[in-house]
Amino acid sequence: MTTVSKYSDVGGYMATAMPLLLIGLMIVLIYLTVDALSGGWDSSYSFLMLCLTFMLALLSGWLAFFSFKQYSKKEIDGNIMRYYLPYLPFLVVTKNMEDFDRKVYVKTYDRHRRIVDGIWLVKDGKLRLEMYSDVFSNLEELGKAIKLPSNKIDEPILSLTLIAYQIGLKRVKI
């Protein structure tokens, strides 16, 4: 039986707006970086501005990729998980559940400081895939469809700690 993720109200909006805004910002910042490299700016502050715009372009590109990954449509069929990236329907990422060690039920804070339930898929202590209840309305159904050993982290995870897990600086203790 196939289990398909369903967007919640907020998740559907963010899936449409956030990646497009970030990609637009990245394109504008790359244009400014190329303009600075071609000598279009005053030389007294061009190196500083070049570094700043380049770093902002990298950051917005990383955030766009993260939002594409976060707000993708997930389909779980037995031991296979497929997720479809929004705006790129031809790009389907397929994962075997054997690629993960376990699932971890967590609680994190969203940007409004509300506690949100989530499921993390972990491999070798590193966070590989995450799903949250503010994005998917059927998170419990998705969790039941994932046939992996499970753990639970009882305390809510703070924002900076969550970022450390996402970029791999901190490992999930199993």
Side-chain angles (χ1 to χ4, degrees), residues 1-23 25 59-174:
M1 181 175 172
T2 302
T3 304
V4 180
S5 62
K6 298 174 187 162
Y7 286 127
S8 65
D9 295 335
V10 176
Y13 169 73
M14 293 302 289
T16 355
M18 188 60 77
L20 290 179
L21 290 173
L22 289 169
I23 287 174
L25 177 66
L59 178 67
S60 62
W62 178 77
L63 288 173
F65 174 75
F66 176 71
S67 61
F68 272 130
K69 183 178 168 187
Q70 177 68 27
Y71 299 114
S72 62
K73 175 184 161 191
K74 294 178 176 53
E75 181 180 292
I76 302 168
D77 188 12
N79 209 22
I80 301 293
M81 175 187 280
R82 290 180 198 85
Y83 52 99
Y84 306 89
L85 301 177
Y87 314 114
L88 303 172
F90 56 87
L91 184 61
V92 178
V93 179
T94 303
K95 295 279 185 181
N96 192 341
M97 287 300 164
E98 295 171 1
D99 293 344
F100 304 107
D101 292 335
R102 59 183 52 246
K103 63 182 171 185
V104 179
Y105 291 97
V106 297
K107 293 180 186 284
T108 61
Y109 292 103
D110 67 355
R111 65 180 176 270
H112 303 293
R113 300 294 295 166
R114 292 181 300 214
I115 293 179
V116 175
D117 294 325
I119 298 173
W120 290 354
L121 298 180
V122 177
K123 174 72 174 175
D124 296 329
K126 290 188 178 181
L127 174 62
R128 296 294 181 199
L129 189 67
E130 50 192 315
M131 298 176 274
Y132 295 105
S133 62
D134 65 339
V135 178
F136 301 113
S137 61
N138 62 339
L139 186 71
E140 291 178 24
E141 183 182 351
L142 291 171
K144 289 177 185 174
I146 299 172
K147 306 293 185 218
L148 288 172
S150 64
N151 281 10
K152 186 174 184 179
I153 298 176
D154 293 324
E155 297 179 13
I157 297 172
L158 300 173
S159 300
L160 291 177
T161 309
L162 177 63
I163 292 171
Y165 281 122
Q166 289 171 340
I167 62 176
L169 292 177
K170 191 167 182 174
R171 292 187 179 259
V172 179
K173 295 178 184 172
I174 297 174

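Partners of Arg171 under the salt bridge (charged side-chain N to carboxylate O under 4.0 Å, His left out) rule, at least two apart in sequence or in another chain, do not exist in this structure.
Salt bridge status for Asp110 with Arg114: present, with a side-chain N to carboxylate O gap under 4.0 Å.
Between Glu98 and Asn79 the shortest side-chain heavy-atom distance falls below 4.5 Å. Looking at heavy atoms from C-beta onward, Met97 lies in side-chain contact with Met81 at the 4.5 angstrom threshold.
Here the shortest heavy-atom pairing between Ile157 and Tyr109 reads O-CD1, 3.6 Å. Tyr165 approaches Lys170 most closely through the heavy-atom pair CD2-O, 3.4 Å.
Residue pairs meeting the salt bridge (Lys or Arg N to Asp or Glu O under 4.0 Å) criterion with at least one partner in residues 115-125, sequence neighbours excluded, are Asp101-Lys123, Lys107-Asp117.
For Trp120 and Tyr105, the ring centers are positioned 6.0 Å apart or more.
A distance of 7.0 Å separates CG of Asp134 from OG1 of Thr108, quoted to the nearest 0.5 Å. To the nearest 0.5 Å, the span separating CG on Leu121 from CZ on Arg128 amounts to 11.5 Å. The CD atom of Glu130 sits 12.0 Å away from the CD1 atom of Ile119 when rounded to the nearest 0.5 Å. With rounding to the nearest 0.5 Å, the separation of OH in Tyr84 from NZ in Lys74 is 12.0 Å. Residue Met131 holds its CE atom at 10.0 Å from CG of Asn138, rounded to the nearest 0.5 Å. To the nearest 0.5 Å, atom NZ of residue Lys95 and atom OH of residue Tyr83 are 5.0 Å apart.
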Run the side-chain donor-acceptor check on residues 142-152: report pairs under 3.5 Å with partners two or more places apart or on a different chain.
from	atom 1	to	atom 2	distance (Å)
Lys147	NZ	Lys144	O	3.0
Asn151	OD1	Arg102	NH1	2.7

